[in-house]
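Side-chain atoms are counted along with the backbone in the values below, which use heavy atoms only and exclude waters and symmetry mates. Reminder, nothing fancy here: chain letters follow the sequence lines and each chain counts from 1. Computed from a predicted model, the values in this text were never measured in an experiment.
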Amino acid sequence: MKIGYPCKNVSVGCSSSKRFNLKSYTKAKTEETVRANLECLENVIDFNIKNNIMFFRISSDIVPFASHPVMDFKWQRIFRNEFERIGRLIKKAKMRISTHPDQFVLINALDGNIVERSIKELLYHGEMFDLFGFKTDAKIQIHVGGAYGDKKSAKERFVKNFKKLPLSVKKRIAVENDDRLFTIDDVLEICEKTDAKPLLDNFHDALNPSKQSFEKLLKKASEQWSEKRDGIIMTDYSSQEMGKRKGSHAESIDINDFKHYIDRTKKIDFDIMLEIKDKEKSALKALKYLKEAKRI
DNA sequence: TCATGTCAAGGCGTC
DNA sequence: GACGCCTTGACATGA
């Protein structure tokens, strides 16, 4: 079991997801931003290794506008060495990596143009993972997409369009249950029909529950991951921030809730991405607890 | 300097 | 049909 946090480290004092507005796009500005993002990413990876945090979600903003038509140079060629160096660092430490393109990636969209743009965005993530030298245990995490008033057709479209994905992407896709539309049951159904792997989110399941218990479904889902090819199952973990809107992620880990979660899933080995706002601070708290409980 | 608005991209729920 | 919200960080703008 590995514990991770997404994209940003609040302690290191830099950001690996620096951006700028489209209207101020220039090649020079983009190069400068990518260089700064990669430099920061390396610092964050160092931090993680020193602190034994062995799961990390890499930001989608490493290369701003990577899949946008405005992109007019081969960033892959310019930054090859930097990607390779950071990739070696990660692989040497045996750190698990994921990435999570945002809500605009909809491979089941009704509009073919949206599907096309989504595939381009996914291709960027796949190319980035190839440059890092990651195998297929590093995952690109997406949601099923929109329902468009007909979930059955929406799922069918996902399965159909999944076939159009380039290999660098297809072999790395993990599909997550969301908090409103597609439950774990839906995700499992889709994954059975594709090469995608089910990625379970406990908080989304609490808000948008499946028919069976989370623990049962986690077991079932974990069986769809081939340990050799995909690694053990990845999960997202969060809890409700008290006093905030339903669905708001906690500011800091509620260690009692986490203990309970770990206890009821103890028969399964899985990696946990903590979607908690204070990032590595909660990851360190979770690691401390897991060591005491002899779970890692 | 600080607070607020805006950002490439979409969908959904509410009115 | 318009609008706010999702989730969210970072930049841009304006007081």
Expressed as a whole number of angstroms, how long is the span from A:Met71:CE to B:dA9:C1'? 15 Å
Look at A:Glu31 together with A:Lys27 and state whether they make a salt bridge at an N to O cut-off of under 4.0 Å. yes
A:Ile262 and A:Tyr289: CA distance, side-chain angles, deciding distance, side chain to side chain contact (heavy atoms under 4.5 Å, CB included) verdict: CA-CA 10 Å; A:Ile262 289 299; A:Tyr289 166 70; 4.3 Å; yes
Atom-to-atom span, CD of A:Glu251 to P of C:dT8 - whole angstrom: 10 Å
What integer distance in Å separates A:Asp178:CG from B:dG10:P? 18 Å
Has A:His143 got a side-chain N or O lying under 4.0 Å from the OP1 or OP2 atom of B:dG10? no
Can you tell me if A:Arg295 has over 12 outside heavy atoms packed within less than 6.0 Å of its CZ? yes
P atom, C:dT7 versus B:dT4: distance in rounded Å? 22 Å
Taking the six-membered ring for Trp, are A:Phe182 and A:His143 closer than 6.0 Å centroid to centroid? no
So what does A:Ser67 hit on the nucleic acid, given a heavy-atom distance under 4.0 Å: a base, only sugar-phosphate, or nothing? base
Which of residues 154-166 of chain A sit near DNA chain B, with a heavy atom under 4.0 Å from it? none
Could you tell me the separation between the CD1 atom of A:Ile107 and the P atom of B:dG10, rounded to a whole number of Å? 16 Å
Tell me if the centroids of the rings in A:Trp75 and A:Phe65 come within less than 6.0 Å of each other. no
For A:Asp102 and C:dC5, give me the distance from atom CG to atom C1', rounded to whole Å. 15 Å
Suppose you measure atom P in C:dG1 against the same atom in B:dC7; what distance do you get, rounded to whole Å? 24 Å
According to the interplanar angle, ranging from 0 to 90°, do the rings of A:Phe56 and A:Tyr5 count as parallel (below 30°), tilted (30 to 60°) or perpendicular (above 60°)? perpendicular
Residues A:Asn256, A:Lys259; criterion side chain to side chain contact (heavy atoms under 4.5 Å, CB included); working and verdict: CA-CA 5 Å; A:Asn256 284 326; A:Lys259 281 178 185 173; 4.2 Å; yes
Can you check the distance between C:dG4 and C:dT8, where both ends of the measurement are the C1' atom (answer in whole Å)? 16 Å
Atom pairs and distances, donor-acceptor, side-chain atoms in residues 212-219 of chain A, under 3.5 Å, two or more places apart:
| unit_1 | atom_1 | unit_2 | atom_2 | d |
| --- | --- | --- | --- | --- |
| A:Ser213 | OG | A:Lys216 | N | 3.2 |
| A:Glu215 | OE2 | A:Arg264 | NH1 | 2.6 |
| A:Lys219 | NZ | A:Glu223 | OE2 | 2.9 |

Which of A:Asp236, A:Asp271, A:Asp230 passes salt bridge (charged side-chain N to carboxylate O under 4.0 Å, His left out) with A:Lys139? Answer is A:Asp230
Quick test: give all pairs of protein nitrogen or oxygen and nucleotides 11-14 of chain C nitrogen or oxygen below 3.5 Å, distance rounded to 0.1 Å.
| unit_1 | atom_1 | unit_2 | atom_2 | d |
| --- | --- | --- | --- | --- |
| C:dC11 | OP1 | A:Lys18 | NZ | 2.9 |

Can you list the stems that DNA chain B is part of, where a stem is at least 3 pairs in a row, each Watson-Crick or G-U, with both distances below 3.5 Å? B:1-7 with C:9-15, B:10-15 with C:1-6
I need the CD-C1' distance between A:Glu116 and B:dG10, as an integer number of Å. 16 Å
Approximate separation, where rounding is to 0.5 Å, of A:Asp201 CG and A:Phe203 CZ: 8.5 Å
Measure all distances between protein nitrogen or oxygen atoms and nitrogen or oxygen atoms of nucleotides 12-15 of chain B, and list the pairs falling under 3.5 Å.
| unit_1 | atom_1 | unit_2 | atom_2 | d |
| --- | --- | --- | --- | --- |
| B:dC12 | OP1 | A:Ala147 | N | 2.5 |
| B:dC12 | OP1 | A:Tyr148 | N | 3.0 |

Over 12 foreign heavy atoms within 6.0 Å of NZ, A:Lys151: yes
Any idea how A:Phe132 and A:Phe134 line up, ring-wise: parallel (<30°), tilted (30 to 60°), or perpendicular (>60°)? parallel
Euclidean distance, atom CG of residue A:Asn9 to atom P of C:dT8 [Å, nearest integer]: 16 Å
A:Phe20 vs A:Tyr25 aromatic rings, parallel, tilted or perpendicular, using cut-offs 30° and 60°? tilted
So which pairs with a foot in residues 81-91 of chain A pass side-chain hydrogen bond (donor to acceptor under 3.5 Å, both in side chains), sequence neighbours left out? A:Glu42-A:Arg85
In whole Å, measure the gap between the P atoms of C:dA12 and B:dA8 for me. 11 Å
The nucleotide from B:dA8, C:dA10, B:dG10 with an atom nearest the side chain of A:Ile114 is B:dG10
Whole Å only: how far is the CG atom of A:Leu106 from the C1' atom of B:dA8? 14 Å
What nucleotide among B:dG11, C:dA10, B:dA8 has an atom nearest to a side-chain atom of A:Lys8? C:dA10
Which part of the nucleic acid, if any, lies within reach of A:Asp111 when heavy atoms closer than 4.0 Å are counted: base, sugar-phosphate only, or nothing? nothing
After noting the C-alpha distance and the side-chain angles of A:Tyr237 and A:Asp257, does the key distance pass the side chain to side chain donor-acceptor pair (under 3.5 Å) rule? CA-CA 11 Å; A:Tyr237 169 86; A:Asp257 185 81; 2.5 Å; yes
